[in-house]
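Right, one structure below, let's go through it.
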Number of protein chains: 2
Amino acid sequence: MTETTPRQRARLETEAQITQIGNRMIDEGGVAGLSLRAIARELGVVSSAVYRYVKSRDELLTILIRDAFTQIADEVDAALEDERSVQALALSMLDWSRRFPSRWALIYGTPVPDYEAPRQETVVPGTRVMVALTQLIATAAETVGGGDPRNAGSHSASRPGAKAGSGSTDTTTVSALGPLRDGLKELGIDCDDAVILRTLSVWVAIIGAINGLRFGQFGPGFDDYEDDLVRALIADLGF
Amino acid sequence: MTETTPRQRARLETEAQITQIGNRMIDEGGVAGLSLRAIARELGVVSSAVYRYVKSRDELLTILIRDAFTQIADEVDAALEDERSVQALALSMLDWSRRFPSRWALIYGTPVPDYEAPRQETVVPGTRVMVALTQLIATAAETVGGGDPRNAGSHSASRPGAKAGSGSTDTTTVSALGPLRDGLKELGIDCDDAVILRTLSVWVAIIGAINGLRFGQFGPGFDDYEDDLVRALIADLGF
DNA sequence: TAACAAAAGTGAGCACCGCTCTTGTTTTCT
DNA sequence: AGAAAACAAGAGCGGTGCTCACTTTTGTTA
C-alpha cells in the first residue's frame with residue numbers, strides 16, 4: 001500500500017533538491033544569498049517553475065529554518081549521549097555554529113524581516129535543545145540540593161552589587177517566568193521555578209556567547225580560543 | 001575661522017537628512033527596509049543623486065550602526081548616573097531595545113551579509129557599554145573581595161555538574177581571555193582576568209536575553225514581564 | 001562682470017530580485 | 001480515448017543597487 005507513483009517520487013526528489021540547494025546557498029551567502037531565481041537556474045528550469053514546488057521564498061525559508069533546528073538538536077543529543085553535561089551541550093552547539101555559521105544566524109540571529117516562522121511548524125524542533133538543557137539542569141539540581149532544589153546550582157548567595165530591598169528575586173520571578181513555565185508544561189515538562197530561571201540564565205549566556213563569537217562582536221583573535229572561552233564561561237556560571 | 005559656506009551647510013544638511021530618513025526606514029522596516037532609491041524618492045531627487053552624498057548602501061549602514069551604538073551608550077551612561085548598578089545597565093539597554101527594536105537588531109543581531117563594519121569606525125562607540133559594564137563589575141569586585149578580587153562576585157564555589165579534574169577554569173582561562181584583555185588595554189583599561197570573565201558572563205547573558213526577547217525566541221507572552229525577567233536574570237547571576 | 005571649474009542633479013541603462021499570469025505541453029486517472 | 005491534473009515556459013510588473021555620460025547650478029577667480 002501507499003505506492004509511490006513515479007510522479008510523486010519525482011516531486012519529492014525535486015523538493016529535496018530545492019532544499020539542498022537552498023541550504024548550500026545559505027551556507028555560502030547567508031540568508032541574503034537565498035534566491036529562488038538562482039535555484040531555478042541551477043535546476044535548469046525557468047524561474048516561475050520553482051513556484052510549483054514552493055509557495056514563496058518565505059516558505060522555503062521556513063523549511064530551512066526547521067531543518068537547521070533539527071540538525072543542531074540532533075547533534076546536541078548525540079553529544080549528550082557521550083557526556084551529559086552543560087559543557088558538552090554548549091560545546092556541541094558552538095561546534096555546530098562554527099561549521100554552519102549561516103544556519104546558526106538563521107535560527108539564532110535576527111529574524112527575517114516581515115516574516116515570522118509559523119510557530120506550529122518550528123516550535124518543537126526549535127525548543128529541543130533548550131528542553132535538553134532544562135532537564136540537564138533539573139537533574140543537576142536534584143543530585144546536589146537534595147530535597148530542596150531551590151538553591152541548588154544557584155548562587156545568589158554572594159552578590160556584590162545587589163541592594164537588599166530590591167525584592168525582585170522571589171516575588172516577581174514567578175510571574176516573569178510564567179510564559180516559559182507554560183511553554184515547558186505544553187511539552188510535558190514540569191519543573192521548579194528555580195530550575196527554569198537557572199536554565200534561562202545559562203541558555204541566554206550560551207546563545208549570547210556563540211552569537212558574539214560568530215558575529216564577531218568580541219573583536220578578532222578568538223579563533224583558537226572559542227572552546228576555551230565557552231568552557232570558562234560555563235564554569236563561571238557554576239557548571 | 002572655519003567659516004561654513006552655504007554650500008557646505010547644504011551638504012551637511014542633506015547628509016543629515018539622509019541619515020535621518022535612513023534611521024526612520026530601519027525603524028519601520030528593519031535593515032531590509034533601507035533603500036537608497038526610496039530615500040532619493042523622499043528627497044524629491046533622482047535615485048543616482050543620492051550617491052553624491054553616500055558612496056553605497058553599505059556606507060550608509062555603517063553610519064547608522066555607529067549612530068545606534070552611540071545612542072544606546074549615551075542612554076546607558078545617563079541611566080548609570082542615577083544608579084550605578086549592573087541592573088540599571090541591563091534595564092536601560094532593554095528599554096532602548098524596546099523603543100528601537102530594529103536598531104537593536106542592527107547592532108546586536110546578525111551582521112549584514114557581505115559587509116563588516118570597518119572596525120576603525122565602530123569599535124569605540126561599539127564598546128562603550130561593555131566598557132561601562134567592566135568598570136561596574138571591577139568596582140563591585142573591589143568593594144566585596146577586599147584584597148583578592150579573584151573570587152569576588154564569582155561563584156564557582158558551588159557548581160553541581162562540574163567535574164573535579166576538568167581543569168579548564170584557571171589554566172586555559174588566561175589565553176582564552178587574551179583578545180578581550182588586549183582590547184580593554186587598548187582602551188586604557190587594565191583589570192583582573194576574573195573581572196573580565198565575570199564581565200563576559202554577564203554581558204553575553206544580557207545580550208542573549210534581550211535578543212531572545214526582541215527576536216521572540218522565548219515565545220510570546222513576555223510583553224509585561226520583560227523588566228522582571230531581566231531583573232531576575234541579573235539577580236541569578238549574582239548582582 | 002564674464003569665464004571657468006567644481007559640485008549637484010538628471011536620465012538611461014545593467015543586472016538582479018520576488019512574484020503573477022497566460023499559454024502550451026506532458027503525464028496520470030477515469 | 002478523453003478528461004483532468006500537474007508541470008513547464010515565457011512574458012511581464014515593480015522593486016533593488018549601482019554606473020555612466022550628460023546638463024545644470026553654484027561659487028570663485030581673473
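Quick note on labels: first sequence line is chain A, next is B, and so on, each numbered from 1.
Helix-axis bend for the helix from C/dT1-D/dA30 to C/dT30-D/dA1: the local axis fitted to the five terminal pairs at one end deviates from that at the other end by 10°, rounded to 10°.
Residue pairs satisfying the salt bridge (Lys or Arg N to Asp or Glu O under 4.0 Å) criterion with at least one member in residues 215-225 of chain A, sequence neighbours excluded, are absent. Within the structure, the salt bridge (Lys or Arg N to Asp or Glu O under 4.0 Å) test picks out the following pairs touching residues 84-109 of chain A (sequence neighbours left out): A/Asp27-A/Arg103, A/Glu75-A/Arg99, A/Asp95-A/Arg98, A/Asp95-A/Arg99, A/Arg98-A/Glu226, A/Arg98-A/Asp227.
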Could you list the protein-to-nucleotides 22-26 of chain D atom pairs, N/O on both sides, closer than 3.5 Å?
none

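Rounded to whole Å, the distance from CD on B/Gln8 to C1' on D/dT28 is 14 Å. The CZ-C1' distance, from B/Arg11 to C/dA8, rounds to 9 Å in whole Å. A straight line from CD1 of B/Ile39 to C1' of D/dC18 spans 14 Å, rounded to a whole angstrom. Atom C1' of nucleotide D/dG17 and atom CG of B/Leu60 are separated by 13 Å, given to the nearest angstrom.
Using modelled atom types and a 3.5 Å distance limit, the side chains of A/Thr122 and A/Arg66 yield no donor-acceptor pair.
With sequence neighbours excluded, the residues forming a side-chain contact (heavy atoms from CB on, under 4.5 Å) with B/Asp77 are B/Arg128, listed by chain and number. Considering only residues two or more places apart in sequence or on other chains, B/Val123 meets the side-chain contact (heavy atoms from CB on, under 4.5 Å) condition with B/Arg119. Considering only residues two or more places apart in sequence or on other chains, A/Phe100 meets the ring pair (Phe, Tyr, Trp, His ring centres under 6.0 Å) condition with A/Trp96. A/Glu81 is linked by a salt bridge (charged side-chain N to carboxylate O under 4.0 Å, His left out) to nothing, counting only residues two or more places apart in sequence or in another chain.
Looking only at distances, no side-chain donor or acceptor of B/Arg57 sits under 3.5 Å from a matching main-chain atom of B/Leu36. With hydrogens and angles ignored, the 3.5 Å screen pairs no side-chain donor or acceptor of B/Gln20 with any backbone N or O of B/Ala16. Counting only distance, with no hydrogens or angles, the side chain of A/Thr127 and the backbone of A/Met130 share no donor-acceptor pair below 3.5 Å. At distances below 3.5 Å, at least one donor-acceptor pair connects side-chain atoms of A/Thr110 with backbone N or O atoms of B/Thr110.
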Protein proximity profile, nucleotides 13-21 of chain C - base contact B, sugar-phosphate-only contact S, no contact -, cut-off 4.0 Å on heavy atoms: B---BBBBB
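Backbone-only contact: B/Val45 has heavy atoms under 4.0 Å from sugar-phosphate atoms and none from a base.
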Distance-only criterion, 3.5 Å: show the donor-acceptor pairs between side-chain atoms of residues 42-51 of chain A and protein atoms not counting sequence neighbours.
from, atom 1, to, atom 2, distance (Å)
A/Glu42, OE1, A/Arg24, NH2, 3.1
A/Glu42, OE2, A/Arg24, NH1, 2.8
A/Glu42, OE2, A/Arg24, NH2, 3.0

Review item, side-chain donor-acceptor pairs of residues 184-191 of chain A, under 3.5 Å, at least two apart:
none

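Across residues 15-26 of chain A, not one residue has a non-hydrogen atom less than 4.0 Å from an atom of DNA chain C.
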